[in-house]
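Only heavy atoms go into these numbers, but all of them, side chains included; no hydrogens, no water, no symmetry mates. For the single chain, residues carry numbers from 1 onward in sequence order. For clarity, every value in this text was computed on a predicted model and none was experimentally measured.
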Amino acid sequence: MNNRKKNNRTVRDCALTLLEYCDRTEQEMRRKLKDREYAPEEIEKTILFLKEYHYIDDDRYTQKYIHTYADSKSIRRLRSELEQKGISRERIDAALEEIAVDESMQIAAWIKKRGYTPGEHLDPDQYRKLMAGLGRRGYSFDTIRRAMAGD
């Protein structure tokens, strides 16, 4: 395999171009460069360069991601999405200690958006539908139950 694409772009140029559009984790960058068929040793050199100059920084990425979605995603969903992006559990835990995620507020807002009021008595079908929808979004049963009760 050639370490340059047909248009003679270097691995570093490609990586920097990818970062112009959005931040990426180290794993995402490795995958993108591998998909573009660059040589593994060139990818490693480029990753070291990107890390040295903080073009990729998984700690910063994790904090930014959680801060962006703290008002709309459950902790479980945030963890899952970040793990899929190659972020370690330790990094995720450290960021979650610094950034508050109020799941009860998110659940109350989601319930209100569907025309219900927390604490309102619902028939069993409505209750099941709301519980299932919130469960699919990654909220725990206890958190959902407390938020729906208006606690």
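For Tyr38 against Cys14, the heavy-atom pair with the smallest separation is OH-CB, 3.5 Å. Of all heavy-atom pairs spanning Lys73 and Glu81, the tightest one is NZ-OE1, 2.7 Å. Closest non-hydrogen pair, Ala147 versus Ser104, comes out as CB-O, 4.0 Å.
With rounding to the nearest 0.5 Å, the separation of CD1 in Ile111 from CD1 in Ile144 is 8.5 Å. For the atom pair CE of Met29 and NZ of Lys34, the computed distance is 16.0 Å after rounding to the nearest 0.5 Å. We find the CE-CG distance between Met148 and Leu130 to be 4.5 Å, quoted to the nearest 0.5 Å. Here CG of Leu134 is found 10.0 Å from CD of Gln106. Values are rounded to the nearest 0.5 Å.
Not counting sequence neighbours, the partners of Tyr116 by the side-chain hydrogen bond (donor to acceptor under 3.5 Å, both in side chains) test are Gln126. For Asp59, the side-chain hydrogen bond (donor to acceptor under 3.5 Å, both in side chains) criterion is met by Arg91, not counting sequence neighbours. Scored by the side-chain hydrogen bond (donor to acceptor under 3.5 Å, both in side chains) test, Ser140 finds Thr143 as partners (sequence neighbours excluded). Lys32 pairs by the side chain to side chain contact (heavy atoms under 4.5 Å, CB included) definition with Leu18, Arg24, Arg36, not counting sequence neighbours. Residues satisfying the ring-ring contact (aromatic ring centres under 6.0 Å, His included) test with Tyr53, not counting sequence neighbours, are Phe49. Applying the salt bridge (Lys or Arg N to Asp or Glu O under 4.0 Å) test to Glu44 and every residue at least two apart in sequence or in another chain returns Arg30. With sequence neighbours left out, Lys64 forms a salt bridge (Lys or Arg N to Asp or Glu O under 4.0 Å) with Asp23. Contacts of Lys51 classified as side-chain hydrogen bond (donor to acceptor under 3.5 Å, both in side chains), with partners at least two apart in sequence or in another chain: Glu26.
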Subject >> Test salt bridge (charged side-chain N to carboxylate O under 4.0 Å, His left out) applied to Lys45 and Glu42, step by step >> reply: CA-CA 5 Å; Lys45 285 182 196 176; Glu42 289 298 311; 3.6 Å; yes
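Annotation: side chain of His121 is not in contact with side chain of Tyr127 (no heavy-atom distance under 4.5 Å). Side-chain contact between Ile66 and Leu82 is present, with heavy atoms from C-beta onward closer than 4.5 Å. The shortest side-chain heavy-atom distance between Thr25 and Ile56 does not fall under the 4.5 Å cut-off. Two residues are said to be in side-chain contact when any heavy atoms from C-beta on lie closer than 4.5 Å; Ile87 and Glu83 fail this criterion. Annotation: side chain of Leu78 is in contact with side chain of Val101 (closest heavy-atom distance under 4.5 Å). Side-chain atoms of Leu33 and Val11, non-hydrogen and from C-beta on, do get closer than 4.5 Å to each other. Inter-residue side-chain proximity for Leu50 and Leu19 is flagged as met; some heavy-atom pair is nearer than 4.5 Å. Residues Gln27 and Lys85 have side chains not in contact (no heavy-atom distance under 4.5 Å, counting atoms from C-beta outward).
For the pair Glu120 (side chain) and Thr117 (backbone), a donor-acceptor distance under 3.5 Å is present.
For residues 128-137, every residue pair satisfying the salt bridge (charged side-chain N to carboxylate O under 4.0 Å, His left out) rule, not counting sequence neighbours, is listed here: Asp125-Arg128. Pairs engaging residues 101-118 under the salt bridge (charged side-chain N to carboxylate O under 4.0 Å, His left out) rule: none recorded [sequence neighbours left out]. Note on residues 60-80: pairs passing ring-ring contact (aromatic ring centres under 6.0 Å, His included), not counting sequence neighbours, are Tyr65-Tyr69.
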Identify each donor-acceptor pair in which a side-chain atom of residues 93-100 lies under 3.5 Å from a protein atom, sequence neighbours left out, and give them as a table.
residue: Asp93; atom: OD1; partner: Arg79; partner atom: NH1; Å: 2.5
residue: Asp93; atom: OD1; partner: Arg79; partner atom: NH2; Å: 3.0
residue: Glu98; atom: OE1; partner: Gln63; partner atom: NE2; Å: 3.0

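The same ILVMFWY cluster, assembled from side-chain heavy atoms under 4.5 Å apart, contains both Leu122 and Ile107.
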